[in-house]
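Scroll down for the structure; my scribbles are underneath it.
FYI, the numbering just counts along the sequence from 1.
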Amino acid sequence: MRRSALFRNFAPLQILLVAVAACVPLLLLGSNWLLQREFDENRALRNATSATFETRYTLEQLLKLHLDLETAERGFIISRNPAFLAPYNEAEGRISAVLEQLGSTRELKEEEPLYRRLVVESRNKRAFAGQMVTLIKEGRDDEARRAVASGQGKLFMDRIRALVAQIDTLRQEQLRARLEASERDSRHLRRTTIGLHTAVLFLLFIAALLGMRINSARTVALSRMRESNERQSAIFDSADDGMMLLDASGRIRSLNPAVTKMFGYAEDDMRGRAVGMLFKEAPREEDVAAFLRTLALDPTRSRLRHVREFEGETSAGTHFPVEVALSTVPGETQRSFLAVIRDITKRKQVEQMKSEFVSVVSHELRTPLTSIAGSLGLLAGGAAGELPERARKLIGIAQANSARLVRLINDILDIEKIEAGKMTFDIKPVPLASLLEQCAQGNAGFAAEYGVQIVVEPVAAGVAVMADEDRLIQVITNLLSNAIKFSPEGEAVRITVVPGELAHRISVAGLGPGIPDPFRSRIFQKFAQADASDTRQKGGTGLGLSIVAEIVSRLKGEVSFDSVAGEGATFHVDLPAAPQQ
(Lines give C-alpha, C1' and ligand atoms only; values in the text may rest on other atoms or scores of the structure.)
Protein backbone atom coordinates (compact mmCIF):
# COMPACT_ATOMS: atom_id res chain seq x y z
CA MET A 1 0.00 0.00 0.00
CA ARG A 2 1.47 3.35 -1.04
CA ARG A 3 2.04 6.18 1.49
CA SER A 4 -0.05 8.72 -0.46
CA ALA A 5 -2.98 6.33 -0.72
CA LEU A 6 -2.87 5.42 2.95
CA PHE A 7 -2.78 9.01 4.25
CA ARG A 8 -5.44 10.30 1.87
CA ASN A 9 -8.09 9.33 4.44
CA PHE A 10 -6.34 11.28 7.24
CA ALA A 11 -6.05 14.84 5.93
CA PRO A 12 -5.42 17.66 8.44
CA LEU A 13 -8.25 19.36 10.24
CA GLN A 14 -7.96 22.42 8.00
CA ILE A 15 -8.77 20.37 4.90
CA LEU A 16 -11.80 18.91 6.63
CA LEU A 17 -13.05 22.39 7.53
CA VAL A 18 -12.60 23.53 3.91
CA ALA A 19 -14.52 20.46 2.78
CA VAL A 20 -17.36 21.27 5.17
CA ALA A 21 -17.41 24.88 3.95
CA ALA A 22 -17.61 23.59 0.37
CA CYS A 23 -20.51 21.30 1.27
CA VAL A 24 -22.69 24.18 2.50
CA PRO A 25 -23.14 25.87 -0.92
CA LEU A 26 -23.55 22.44 -2.47
CA LEU A 27 -26.42 21.71 -0.11
CA LEU A 28 -27.96 25.08 -0.93
CA LEU A 29 -27.59 24.37 -4.62
CA GLY A 30 -29.34 21.06 -4.01
CA SER A 31 -32.19 22.89 -2.32
CA ASN A 32 -32.49 25.28 -5.27
CA TRP A 33 -32.46 22.33 -7.66
CA LEU A 34 -35.33 20.74 -5.77
CA LEU A 35 -37.30 23.97 -5.98
CA GLN A 36 -36.64 24.20 -9.72
CA ARG A 37 -37.82 20.63 -10.13
CA GLU A 38 -40.99 21.53 -8.24
CA PHE A 39 -41.58 24.40 -10.69
CA ASP A 40 -41.02 22.05 -13.62
CA GLU A 41 -43.47 19.55 -12.15
CA ASN A 42 -46.10 22.27 -11.78
CA ARG A 43 -45.57 23.34 -15.39
CA ALA A 44 -45.85 19.72 -16.56
CA LEU A 45 -49.02 19.37 -14.47
CA ARG A 46 -50.54 22.41 -16.16
CA ASN A 47 -49.68 20.98 -19.56
CA ALA A 48 -51.20 17.62 -18.60
CA THR A 49 -54.37 19.36 -17.40
CA SER A 50 -54.62 21.28 -20.67
CA ALA A 51 -54.05 18.09 -22.68
CA THR A 52 -56.74 16.29 -20.68
CA PHE A 53 -59.29 19.01 -21.34
CA GLU A 54 -58.30 19.06 -25.00
CA THR A 55 -58.80 15.30 -25.21
CA ARG A 56 -62.19 15.56 -23.50
CA TYR A 57 -63.21 18.27 -25.97
CA THR A 58 -62.09 16.07 -28.88
CA LEU A 59 -64.06 13.13 -27.46
CA GLU A 60 -67.18 15.27 -27.12
CA GLN A 61 -66.71 16.54 -30.67
CA LEU A 62 -66.28 12.94 -31.94
CA LEU A 63 -69.43 11.80 -30.13
CA LYS A 64 -71.40 14.80 -31.47
CA LEU A 65 -70.29 14.07 -35.05
CA HIS A 66 -71.51 10.47 -34.74
CA LEU A 67 -74.82 11.70 -33.35
CA ASP A 68 -75.11 14.18 -36.25
CA LEU A 69 -74.32 11.34 -38.64
CA GLU A 70 -77.01 9.15 -37.09
CA THR A 71 -79.58 11.97 -37.01
CA ALA A 72 -79.01 12.91 -40.67
CA GLU A 73 -79.13 9.24 -41.68
CA ARG A 74 -82.46 8.63 -39.93
CA GLY A 75 -83.90 11.92 -41.17
CA PHE A 76 -83.10 10.89 -44.73
CA ILE A 77 -84.63 7.43 -44.15
CA ILE A 78 -87.85 8.89 -42.80
CA SER A 79 -88.32 11.82 -45.17
CA ARG A 80 -86.16 10.92 -48.20
CA ASN A 81 -85.30 14.62 -48.17
CA PRO A 82 -81.85 15.13 -49.80
CA ALA A 83 -81.28 18.11 -47.51
CA PHE A 84 -80.33 15.64 -44.76
CA LEU A 85 -77.37 14.44 -46.84
CA ALA A 86 -75.47 17.70 -46.36
CA PRO A 87 -75.01 17.34 -42.54
CA TYR A 88 -74.49 13.59 -43.09
CA ASN A 89 -71.62 14.17 -45.54
CA GLU A 90 -70.11 16.89 -43.33
CA ALA A 91 -70.09 14.59 -40.28
CA GLU A 92 -68.73 11.70 -42.34
CA GLY A 93 -65.90 13.86 -43.64
CA ARG A 94 -64.86 15.23 -40.24
CA ILE A 95 -64.94 12.02 -38.18
CA SER A 96 -61.68 10.64 -39.63
CA ALA A 97 -59.83 13.88 -38.94
CA VAL A 98 -61.10 14.00 -35.34
CA LEU A 99 -60.11 10.34 -34.83
CA GLU A 100 -56.63 11.10 -36.15
CA GLN A 101 -56.37 14.10 -33.83
CA LEU A 102 -57.44 11.92 -30.90
CA GLY A 103 -54.84 9.29 -31.81
CA SER A 104 -52.05 11.89 -31.86
CA THR A 105 -52.80 12.89 -28.25
CA ARG A 106 -52.60 9.37 -26.77
CA GLU A 107 -50.32 9.17 -23.76
CA LEU A 108 -51.36 6.10 -21.75
CA LYS A 109 -50.63 2.54 -22.76
CA GLU A 110 -54.13 1.57 -21.60
CA GLU A 111 -55.66 3.92 -24.19
CA GLU A 112 -54.18 2.02 -27.14
CA PRO A 113 -56.67 -0.91 -27.22
CA LEU A 114 -59.59 1.42 -26.47
CA TYR A 115 -58.56 3.73 -29.30
CA ARG A 116 -58.23 0.84 -31.76
CA ARG A 117 -61.69 -0.43 -30.79
CA LEU A 118 -63.10 3.08 -31.13
CA VAL A 119 -61.70 3.33 -34.66
CA VAL A 120 -63.26 -0.04 -35.53
CA GLU A 121 -66.66 0.81 -34.05
CA SER A 122 -66.64 4.23 -35.77
CA ARG A 123 -65.86 2.54 -39.06
CA ASN A 124 -68.69 0.03 -38.46
CA LYS A 125 -71.13 2.81 -37.57
CA ARG A 126 -70.26 4.85 -40.67
CA ALA A 127 -70.43 1.78 -42.88
CA PHE A 128 -73.89 0.94 -41.50
CA ALA A 129 -75.11 4.51 -42.00
CA GLY A 130 -73.72 4.58 -45.53
CA GLN A 131 -75.46 1.29 -46.30
CA MET A 132 -78.79 2.72 -45.07
CA VAL A 133 -78.38 5.86 -47.22
CA THR A 134 -77.58 3.71 -50.25
CA LEU A 135 -80.69 1.57 -49.67
CA ILE A 136 -82.92 4.67 -49.57
CA LYS A 137 -81.31 6.06 -52.70
CA GLU A 138 -82.00 2.76 -54.46
CA GLY A 139 -85.64 2.84 -53.35
CA ARG A 140 -85.32 -0.05 -50.90
CA ASP A 141 -87.01 1.83 -48.06
CA ASP A 142 -88.56 -1.19 -46.34
CA GLU A 143 -85.23 -2.99 -46.25
CA ALA A 144 -83.57 0.10 -44.76
CA ARG A 145 -86.26 0.52 -42.09
CA ARG A 146 -85.99 -3.15 -41.12
CA ALA A 147 -82.22 -2.79 -40.74
CA VAL A 148 -82.69 0.30 -38.55
CA ALA A 149 -85.34 -1.47 -36.51
CA SER A 150 -82.91 -4.36 -35.86
CA GLY A 151 -80.95 -2.05 -33.56
CA GLN A 152 -77.57 -2.66 -35.23
CA GLY A 153 -76.89 1.04 -35.68
CA LYS A 154 -77.89 1.75 -32.06
CA LEU A 155 -75.54 -1.02 -30.90
CA PHE A 156 -72.61 0.61 -32.73
CA MET A 157 -73.54 3.98 -31.24
CA ASP A 158 -73.78 2.54 -27.71
CA ARG A 159 -70.33 1.00 -28.09
CA ILE A 160 -68.88 4.31 -29.29
CA ARG A 161 -70.42 6.07 -26.25
CA ALA A 162 -68.97 3.43 -23.91
CA LEU A 163 -65.48 3.65 -25.43
CA VAL A 164 -65.51 7.46 -25.34
CA ALA A 165 -66.54 7.29 -21.67
CA GLN A 166 -63.72 4.81 -20.88
CA ILE A 167 -61.05 6.96 -22.56
CA ASP A 168 -62.39 10.03 -20.76
CA THR A 169 -62.28 8.17 -17.43
CA LEU A 170 -58.68 7.06 -18.04
CA ARG A 171 -57.60 10.63 -18.74
CA GLN A 172 -59.34 11.90 -15.61
CA GLU A 173 -57.73 9.17 -13.49
CA GLN A 174 -54.31 10.05 -14.95
CA LEU A 175 -54.82 13.71 -14.11
CA ARG A 176 -55.99 12.84 -10.59
CA ALA A 177 -52.92 10.63 -10.06
CA ARG A 178 -50.59 13.40 -11.21
CA LEU A 179 -52.26 15.87 -8.84
CA GLU A 180 -51.79 13.46 -5.93
CA ALA A 181 -48.15 12.87 -6.94
CA SER A 182 -47.57 16.62 -7.09
CA GLU A 183 -48.91 17.00 -3.56
CA ARG A 184 -46.65 14.20 -2.34
CA ASP A 185 -43.63 15.81 -4.02
CA SER A 186 -44.39 19.12 -2.35
CA ARG A 187 -44.46 17.48 1.08
CA HIS A 188 -41.23 15.63 0.26
CA LEU A 189 -39.59 18.92 -0.80
CA ARG A 190 -40.33 20.52 2.54
CA ARG A 191 -38.90 17.55 4.44
CA THR A 192 -35.80 17.46 2.21
CA THR A 193 -35.10 21.16 2.71
CA ILE A 194 -35.19 20.73 6.47
CA GLY A 195 -32.94 17.69 6.12
CA LEU A 196 -30.37 19.64 4.07
CA HIS A 197 -30.11 22.34 6.71
CA THR A 198 -29.76 19.72 9.43
CA ALA A 199 -27.00 18.05 7.40
CA VAL A 200 -24.94 21.27 7.47
CA LEU A 201 -24.97 21.29 11.27
CA PHE A 202 -24.17 17.60 11.37
CA LEU A 203 -21.16 18.02 9.06
CA LEU A 204 -19.75 20.75 11.31
CA PHE A 205 -20.05 18.44 14.30
CA ILE A 206 -18.38 15.56 12.45
CA ALA A 207 -15.50 17.80 11.34
CA ALA A 208 -14.80 18.80 14.93
CA LEU A 209 -14.91 15.18 16.09
CA LEU A 210 -12.55 14.00 13.33
CA GLY A 211 -10.16 16.82 14.11
CA MET A 212 -9.67 15.47 17.62
CA ARG A 213 -9.05 11.92 16.48
CA ILE A 214 -6.93 12.49 13.39
CA ASN A 215 -3.58 12.62 15.20
CA SER A 216 -4.05 9.20 16.80
CA ALA A 217 -5.29 7.79 13.46
CA ARG A 218 -2.09 8.90 11.71
CA THR A 219 0.01 6.81 14.11
CA VAL A 220 -2.13 3.74 13.46
CA ALA A 221 -1.93 4.35 9.71
CA LEU A 222 1.85 4.38 9.73
CA SER A 223 1.96 1.04 11.53
CA ARG A 224 -0.53 -0.51 9.11
CA MET A 225 1.37 0.81 6.11
CA ARG A 226 4.56 -0.90 7.24
CA GLU A 227 2.71 -4.19 7.83
CA SER A 228 0.96 -3.95 4.47
CA ASN A 229 4.17 -3.30 2.57
CA GLU A 230 5.87 -6.27 4.21
CA ARG A 231 2.89 -8.53 3.52
CA GLN A 232 2.62 -7.46 -0.13
CA SER A 233 6.33 -7.96 -0.68
CA ALA A 234 6.09 -11.48 0.72
CA ILE A 235 3.10 -12.31 -1.51
CA PHE A 236 4.74 -10.77 -4.57
CA ASP A 237 7.99 -12.72 -4.14
CA SER A 238 6.47 -16.10 -3.19
CA ALA A 239 3.57 -16.28 -5.67
CA ASP A 240 3.54 -19.19 -8.16
CA ASP A 241 2.13 -16.93 -10.87
CA GLY A 242 4.40 -14.45 -12.56
CA MET A 243 3.79 -10.83 -11.53
CA MET A 244 5.17 -7.75 -13.24
CA LEU A 245 4.69 -4.05 -12.63
CA LEU A 246 4.49 -2.16 -15.95
CA ASP A 247 4.77 1.55 -16.62
CA ALA A 248 2.43 3.55 -18.89
CA SER A 249 4.38 2.53 -22.02
CA GLY A 250 4.27 -1.20 -21.24
CA ARG A 251 7.88 -1.53 -20.02
CA ILE A 252 8.75 -3.80 -17.07
CA ARG A 253 9.50 -1.87 -13.87
CA SER A 254 9.70 -4.78 -11.43
CA LEU A 255 8.97 -8.52 -11.42
CA ASN A 256 8.86 -11.46 -9.05
CA PRO A 257 11.06 -14.61 -9.21
CA ALA A 258 8.25 -16.63 -10.82
CA VAL A 259 8.60 -14.61 -14.05
CA THR A 260 12.32 -15.34 -14.39
CA LYS A 261 11.68 -19.02 -13.68
CA MET A 262 8.83 -19.19 -16.20
CA PHE A 263 10.65 -17.47 -19.11
CA GLY A 264 14.30 -18.26 -18.31
CA TYR A 265 15.57 -14.66 -18.33
CA ALA A 266 17.65 -12.98 -15.65
CA GLU A 267 15.87 -10.23 -13.75
CA ASP A 268 18.30 -7.54 -14.94
CA ASP A 269 17.76 -8.62 -18.57
CA MET A 270 14.02 -7.98 -18.28
CA ARG A 271 13.79 -4.80 -16.21
CA GLY A 272 13.21 -1.75 -18.40
CA ARG A 273 12.36 -3.72 -21.55
CA ALA A 274 8.99 -3.92 -23.35
CA VAL A 275 6.67 -6.65 -22.11
CA GLY A 276 6.22 -7.88 -25.70
CA MET A 277 9.58 -9.69 -25.44
CA LEU A 278 7.82 -12.47 -23.52
CA PHE A 279 5.35 -13.40 -26.29
CA LYS A 280 5.68 -15.28 -29.57
CA GLU A 281 3.81 -12.62 -31.50
CA ALA A 282 4.92 -9.45 -29.73
CA PRO A 283 2.45 -6.56 -29.99
CA ARG A 284 3.83 -3.22 -31.08
CA GLU A 285 4.98 -1.03 -28.20
CA GLU A 286 2.77 1.86 -29.32
CA ASP A 287 -0.30 -0.44 -29.40
CA VAL A 288 0.43 -1.60 -25.85
CA ALA A 289 0.82 2.00 -24.67
CA ALA A 290 -2.45 3.02 -26.37
CA PHE A 291 -4.34 0.15 -24.71
CA LEU A 292 -2.91 0.96 -21.27
CA ARG A 293 -3.80 4.62 -21.77
CA THR A 294 -7.38 3.68 -22.61
CA LEU A 295 -7.54 1.39 -19.59
CA ALA A 296 -6.29 4.14 -17.29
CA LEU A 297 -8.73 6.75 -18.60
CA ASP A 298 -11.82 4.54 -18.20
CA PRO A 299 -12.68 4.40 -14.46
CA THR A 300 -15.13 1.56 -15.02
CA ARG A 301 -12.73 -0.73 -16.87
CA SER A 302 -9.68 0.15 -14.75
CA ARG A 303 -11.18 -1.58 -11.72
CA LEU A 304 -11.47 -4.88 -13.61
CA ARG A 305 -8.92 -7.54 -14.45
CA HIS A 306 -8.64 -7.92 -18.22
CA VAL A 307 -7.72 -11.52 -18.98
CA ARG A 308 -6.41 -12.70 -22.36
CA GLU A 309 -4.52 -15.73 -23.62
CA PHE A 310 -1.18 -15.47 -25.46
CA GLU A 311 1.58 -17.72 -26.70
CA GLY A 312 4.58 -17.17 -24.41
CA GLU A 313 8.19 -17.48 -25.60
CA THR A 314 11.09 -18.42 -23.31
CA SER A 315 14.67 -17.27 -23.66
CA ALA A 316 15.42 -20.63 -25.31
CA GLY A 317 12.77 -20.01 -28.00
CA THR A 318 10.22 -22.57 -26.77
CA HIS A 319 6.55 -21.66 -26.72
CA PHE A 320 3.80 -22.37 -24.21
CA PRO A 321 0.28 -20.99 -23.60
CA VAL A 322 -0.10 -18.31 -20.93
CA GLU A 323 -2.99 -16.35 -19.46
CA VAL A 324 -2.33 -12.67 -18.76
CA ALA A 325 -4.50 -10.69 -16.33
CA LEU A 326 -3.99 -6.92 -16.46
CA SER A 327 -5.27 -4.31 -14.01
CA THR A 328 -4.34 -0.82 -12.85
CA VAL A 329 -2.47 -0.26 -9.59
CA PRO A 330 -4.37 2.29 -7.46
CA GLY A 331 -2.63 4.93 -5.40
CA GLU A 332 0.42 5.33 -7.65
CA THR A 333 1.66 8.86 -8.35
CA GLN A 334 3.10 7.46 -11.60
CA ARG A 335 0.54 5.35 -13.46
CA SER A 336 1.38 1.63 -13.15
CA PHE A 337 -0.23 -1.63 -14.22
CA LEU A 338 -0.01 -5.09 -12.69
CA ALA A 339 0.33 -8.00 -15.13
CA VAL A 340 -0.22 -11.50 -13.70
CA ILE A 341 1.04 -14.29 -15.98
CA ARG A 342 -0.06 -17.90 -15.51
CA ASP A 343 1.24 -20.95 -17.37
CA ILE A 344 -1.92 -22.72 -18.61
CA THR A 345 -0.23 -25.62 -20.43
CA LYS A 346 -1.82 -28.25 -18.15
CA ARG A 347 -5.21 -26.59 -18.33
CA LYS A 348 -5.09 -26.55 -22.14
CA GLN A 349 -4.17 -30.24 -22.14
CA VAL A 350 -7.11 -31.04 -19.86
CA GLU A 351 -9.47 -28.97 -22.04
CA GLN A 352 -8.22 -30.75 -25.15
CA MET A 353 -8.72 -34.15 -23.50
CA LYS A 354 -12.21 -33.14 -22.36
CA SER A 355 -13.14 -31.87 -25.83
CA GLU A 356 -11.85 -35.03 -27.49
CA PHE A 357 -13.63 -37.22 -24.94
CA VAL A 358 -16.96 -35.42 -25.44
CA SER A 359 -16.58 -35.59 -29.21
CA VAL A 360 -15.70 -39.29 -29.28
CA VAL A 361 -18.41 -40.27 -26.81
CA SER A 362 -21.03 -38.19 -28.62
CA HIS A 363 -20.14 -39.68 -32.01
CA GLU A 364 -20.17 -43.21 -30.59
CA LEU A 365 -23.53 -42.67 -28.90
CA ARG A 366 -25.31 -40.98 -31.80
CA THR A 367 -25.29 -43.99 -34.18
CA PRO A 368 -26.81 -46.56 -31.77
CA LEU A 369 -29.24 -44.00 -30.37
CA THR A 370 -30.43 -43.11 -33.86
CA SER A 371 -30.98 -46.80 -34.58
CA ILE A 372 -32.83 -47.24 -31.29
CA ALA A 373 -35.04 -44.22 -31.98
CA GLY A 374 -35.78 -45.47 -35.50
CA SER A 375 -36.61 -48.98 -34.28
CA LEU A 376 -38.89 -47.64 -31.59
CA GLY A 377 -40.59 -45.48 -34.19
CA LEU A 378 -41.21 -48.52 -36.37
CA LEU A 379 -42.65 -50.42 -33.40
CA ALA A 380 -44.89 -47.50 -32.51
CA GLY A 381 -46.03 -47.31 -36.13
CA GLY A 382 -47.11 -50.96 -36.10
CA ALA A 383 -44.26 -52.46 -38.14
CA ALA A 384 -44.20 -55.49 -35.80
CA GLY A 385 -47.95 -55.80 -35.55
CA GLU A 386 -50.55 -54.33 -33.26
CA LEU A 387 -49.20 -53.74 -29.74
CA PRO A 388 -51.14 -53.73 -26.47
CA GLU A 389 -52.11 -50.30 -25.18
CA ARG A 390 -49.70 -50.46 -22.24
CA ALA A 391 -46.83 -51.52 -24.50
CA ARG A 392 -47.56 -48.65 -26.92
CA LYS A 393 -47.35 -46.16 -24.07
CA LEU A 394 -44.03 -47.56 -22.85
CA ILE A 395 -42.60 -47.55 -26.39
CA GLY A 396 -43.82 -43.99 -26.87
CA ILE A 397 -42.01 -42.91 -23.70
CA ALA A 398 -38.84 -44.69 -24.82
CA GLN A 399 -39.06 -43.18 -28.31
CA ALA A 400 -39.51 -39.63 -26.97
CA ASN A 401 -36.58 -39.94 -24.58
CA SER A 402 -34.28 -41.53 -27.18
CA ALA A 403 -35.12 -38.66 -29.57
CA ARG A 404 -34.33 -36.23 -26.77
CA LEU A 405 -30.93 -37.89 -26.28
CA VAL A 406 -30.24 -37.67 -30.02
CA ARG A 407 -31.03 -33.94 -29.96
CA LEU A 408 -28.74 -33.45 -26.95
CA ILE A 409 -25.87 -35.26 -28.67
CA ASN A 410 -26.40 -33.30 -31.88
CA ASP A 411 -26.31 -30.04 -29.89
CA ILE A 412 -23.11 -31.11 -28.12
CA LEU A 413 -21.50 -32.01 -31.45
CA ASP A 414 -22.57 -28.67 -32.97
CA ILE A 415 -21.02 -26.78 -30.06
CA GLU A 416 -17.84 -28.86 -30.33
CA LYS A 417 -17.64 -28.20 -34.08
CA ILE A 418 -18.15 -24.46 -33.69
CA GLU A 419 -15.60 -24.10 -30.88
CA ALA A 420 -13.07 -26.23 -32.75
CA GLY A 421 -13.58 -24.19 -35.94
CA LYS A 422 -14.72 -27.27 -37.86
CA MET A 423 -18.16 -25.96 -38.80
CA THR A 424 -18.05 -24.46 -42.30
CA PHE A 425 -20.12 -21.45 -43.29
CA ASP A 426 -21.17 -20.74 -46.89
CA ILE A 427 -21.83 -16.99 -46.66
CA LYS A 428 -24.03 -15.63 -49.43
CA PRO A 429 -27.15 -13.46 -49.83
CA VAL A 430 -30.14 -15.20 -48.21
CA PRO A 431 -33.66 -13.78 -48.90
CA LEU A 432 -35.49 -13.61 -45.59
CA ALA A 433 -39.08 -13.91 -46.79
CA SER A 434 -38.77 -17.45 -48.17
CA LEU A 435 -36.41 -18.62 -45.41
CA LEU A 436 -38.72 -17.51 -42.58
CA GLU A 437 -41.74 -19.12 -44.26
CA GLN A 438 -39.71 -22.33 -44.57
CA CYS A 439 -38.83 -22.18 -40.85
CA ALA A 440 -42.49 -21.56 -39.92
CA GLN A 441 -43.70 -24.52 -41.99
CA GLY A 442 -40.95 -26.77 -40.67
CA ASN A 443 -41.92 -26.04 -37.05
CA ALA A 444 -45.71 -25.96 -37.53
CA GLY A 445 -46.11 -29.54 -36.33
CA PHE A 446 -44.10 -28.90 -33.18
CA ALA A 447 -46.13 -25.76 -32.52
CA ALA A 448 -49.39 -27.69 -32.97
CA GLU A 449 -48.37 -30.05 -30.15
CA TYR A 450 -48.35 -27.05 -27.80
CA GLY A 451 -51.49 -25.45 -29.29
CA VAL A 452 -49.47 -22.49 -30.58
CA GLN A 453 -49.45 -20.80 -33.99
CA ILE A 454 -46.44 -19.39 -35.86
CA VAL A 455 -47.14 -16.05 -37.58
CA VAL A 456 -44.62 -14.58 -40.03
CA GLU A 457 -45.17 -10.87 -40.50
CA PRO A 458 -44.81 -9.70 -44.14
CA VAL A 459 -41.22 -9.06 -45.19
CA ALA A 460 -40.40 -6.27 -47.61
CA ALA A 461 -39.39 -7.47 -51.07
CA GLY A 462 -35.67 -7.85 -51.67
CA VAL A 463 -34.68 -7.95 -47.98
CA ALA A 464 -31.75 -10.36 -47.68
CA VAL A 465 -28.84 -10.94 -45.30
CA MET A 466 -25.33 -12.26 -45.73
CA ALA A 467 -25.43 -15.64 -44.01
CA ASP A 468 -25.20 -19.40 -44.34
CA GLU A 469 -28.74 -20.51 -45.17
CA ASP A 470 -28.62 -23.84 -43.26
CA ARG A 471 -27.08 -22.27 -40.16
CA LEU A 472 -29.56 -19.39 -40.20
CA ILE A 473 -32.41 -21.90 -40.37
CA GLN A 474 -30.85 -23.63 -37.34
CA VAL A 475 -30.77 -20.30 -35.48
CA ILE A 476 -34.41 -19.44 -36.23
CA THR A 477 -35.53 -23.00 -35.43
CA ASN A 478 -33.88 -22.89 -31.99
CA LEU A 479 -35.49 -19.53 -31.21
CA LEU A 480 -38.89 -20.77 -32.40
CA SER A 481 -38.56 -23.93 -30.28
CA ASN A 482 -37.96 -21.89 -27.12
CA ALA A 483 -40.78 -19.44 -27.87
CA ILE A 484 -43.25 -22.26 -28.64
CA LYS A 485 -42.46 -24.22 -25.47
CA PHE A 486 -43.02 -21.26 -23.16
CA SER A 487 -46.03 -19.66 -24.90
CA PRO A 488 -49.49 -20.36 -23.44
CA GLU A 489 -51.84 -22.55 -25.43
CA GLY A 490 -53.85 -20.62 -28.00
CA GLU A 491 -51.28 -17.84 -28.39
CA ALA A 492 -49.05 -17.07 -31.38
CA VAL A 493 -45.29 -16.83 -31.85
CA ARG A 494 -44.48 -13.96 -34.21
CA ILE A 495 -41.51 -13.54 -36.54
CA THR A 496 -40.82 -10.01 -37.75
CA VAL A 497 -38.09 -8.36 -39.81
CA VAL A 498 -36.97 -4.74 -39.40
CA PRO A 499 -34.75 -3.73 -42.35
CA GLY A 500 -31.79 -1.41 -41.76
CA GLU A 501 -29.13 0.23 -43.87
CA LEU A 502 -26.23 -1.95 -42.72
CA ALA A 503 -28.04 -4.79 -40.93
CA HIS A 504 -31.48 -6.36 -40.81
CA ARG A 505 -33.10 -7.41 -37.53
CA ILE A 506 -35.00 -10.70 -37.26
CA SER A 507 -37.17 -10.90 -34.13
CA VAL A 508 -38.93 -13.95 -32.65
CA ALA A 509 -41.50 -12.96 -30.02
CA GLY A 510 -43.43 -15.28 -27.75
CA LEU A 511 -45.67 -14.82 -24.74
CA GLY A 512 -45.08 -16.55 -21.45
CA PRO A 513 -43.42 -16.01 -18.06
CA GLY A 514 -40.47 -14.03 -19.46
CA ILE A 515 -36.81 -14.39 -18.48
CA PRO A 516 -35.98 -14.09 -14.75
CA ASP A 517 -33.61 -11.21 -13.93
CA PRO A 518 -30.92 -13.38 -12.23
CA PHE A 519 -30.77 -15.64 -15.33
CA ARG A 520 -30.36 -12.92 -18.00
CA SER A 521 -26.60 -12.49 -17.64
CA ARG A 522 -25.91 -16.18 -18.41
CA ILE A 523 -28.73 -17.00 -20.81
CA PHE A 524 -26.34 -17.61 -23.75
CA GLN A 525 -23.98 -19.84 -21.78
CA LYS A 526 -23.76 -23.59 -22.39
CA PHE A 527 -26.24 -25.73 -20.42
CA ALA A 528 -27.78 -22.57 -18.97
CA GLN A 529 -31.37 -22.94 -17.78
CA ALA A 530 -33.49 -20.89 -15.44
CA ASP A 531 -34.21 -22.60 -12.13
CA ALA A 532 -37.94 -21.99 -12.28
CA SER A 533 -39.98 -25.17 -12.06
CA ASP A 534 -41.95 -24.25 -15.18
CA THR A 535 -38.71 -24.03 -17.15
CA ARG A 536 -37.62 -27.46 -15.98
CA GLN A 537 -40.98 -28.93 -16.95
CA LYS A 538 -40.53 -27.69 -20.51
CA GLY A 539 -37.35 -29.73 -20.92
CA GLY A 540 -34.42 -28.84 -23.13
CA THR A 541 -30.66 -29.25 -23.06
CA GLY A 542 -29.71 -25.68 -22.30
CA LEU A 543 -27.56 -25.61 -25.46
CA GLY A 544 -29.98 -24.06 -27.97
CA LEU A 545 -29.29 -20.40 -27.16
CA SER A 546 -25.57 -21.10 -26.79
CA ILE A 547 -25.56 -22.52 -30.33
CA VAL A 548 -27.55 -19.51 -31.55
CA ALA A 549 -25.02 -17.10 -30.03
CA GLU A 550 -22.03 -18.98 -31.48
CA ILE A 551 -23.50 -19.23 -34.99
CA VAL A 552 -24.63 -15.58 -35.08
CA SER A 553 -21.19 -14.49 -33.88
CA ARG A 554 -19.53 -16.35 -36.74
CA LEU A 555 -22.00 -14.81 -39.18
CA LYS A 556 -20.68 -11.42 -37.97
CA GLY A 557 -24.00 -10.59 -36.36
CA GLU A 558 -25.36 -9.97 -32.89
CA VAL A 559 -28.07 -11.63 -30.80
CA SER A 560 -29.98 -9.89 -28.01
CA PHE A 561 -33.33 -10.07 -26.24
CA ASP A 562 -36.02 -8.00 -24.54
CA SER A 563 -38.14 -9.46 -21.79
CA VAL A 564 -40.79 -8.25 -19.36
CA ALA A 565 -41.80 -10.51 -16.47
CA GLY A 566 -45.16 -12.11 -17.20
CA GLU A 567 -45.29 -10.78 -20.79
CA GLY A 568 -42.88 -13.09 -22.59
CA ALA A 569 -39.59 -12.46 -24.39
CA THR A 570 -38.43 -11.30 -27.81
CA PHE A 571 -35.09 -12.44 -29.23
CA HIS A 572 -33.39 -10.29 -31.88
CA VAL A 573 -30.82 -11.44 -34.45
CA ASP A 574 -29.01 -8.63 -36.29
CA LEU A 575 -27.20 -9.79 -39.45
CA PRO A 576 -25.33 -7.85 -42.14
CA ALA A 577 -27.57 -6.71 -44.96
CA ALA A 578 -26.91 -8.23 -48.38
CA PRO A 579 -26.26 -5.81 -51.26
CA GLN A 580 -29.37 -4.89 -53.22
CA GLN A 581 -29.68 -7.02 -56.35
Does [X] reach the main-chain N or O of [Y] with its side chain, forming a donor-acceptor pair under 3.5 Å?
{"X": "S481", "Y": "T477", "result": "no"}
{"X": "D468", "Y": "D426", "result": "yes"}
{"X": "S150", "Y": "A147", "result": "yes"}

Hey, are the side chains of [X] and [Y] touching, using non-hydrogen atoms and a 4.5 Å cut-off?
{"X": "K137", "Y": "T134", "answer": "no"}
{"X": "R116", "Y": "V120", "answer": "no"}
{"X": "I476", "Y": "N443", "answer": "no"}
{"X": "I551", "Y": "V559", "answer": "no"}

Step-by-step side chain to side chain contact (heavy atoms under 4.5 Å, CB included) determination, V548 to F571: CA-CA 11 Å; V548 167; F571 282 83; over 6 Å; no
Modelled atom types, side-chain donor and acceptor of D168 and Q172, under 3.5 Å: yes
S122 and R126 side chains, donor-acceptor separation under 3.5 Å: yes
Flag if over 12 foreign heavy atoms under 6.0 Å of CD, E138: yes
CZ/R145: more than 12 non-hydrogen atoms of other groups inside 6.0 Å: yes
Side chain to side chain contact (heavy atoms under 4.5 Å, CB included) assessment of R176 paired with E173: CA-CA 5 Å; R176 188 183 306 111; E173 290 176 352; 3.6 Å; yes
Can you give the donor-acceptor pairs under 3.5 Å from side chains of residues 489-502 to other protein atoms, not counting sequence neighbours?
{"residue": "R494", "atom": "NH1", "partner": "E457", "partner atom": "OE2", "Å": "2.9"}

Under 3.5 Å, sequence neighbours excluded: what are the donor-acceptor pairs made by side chains of residues 154-164?
{"residue": "K154", "atom": "NZ", "partner": "D158", "partner atom": "OD2", "Å": "2.9"}
{"residue": "D158", "atom": "OD1", "partner": "R161", "partner atom": "NH1", "Å": "3.2"}

E469 and S434: CA distance, side-chain angles, deciding distance, side chain to side chain contact (heavy atoms under 4.5 Å, CB included) verdict: CA-CA 11 Å; E469 183 172 356; S434 57; over 6 Å; no
Chi angles and distances behind the side chain to side chain contact (heavy atoms under 4.5 Å, CB included) call for T570, F561: CA-CA 5 Å; T570 301; F561 66 90; over 6 Å; no
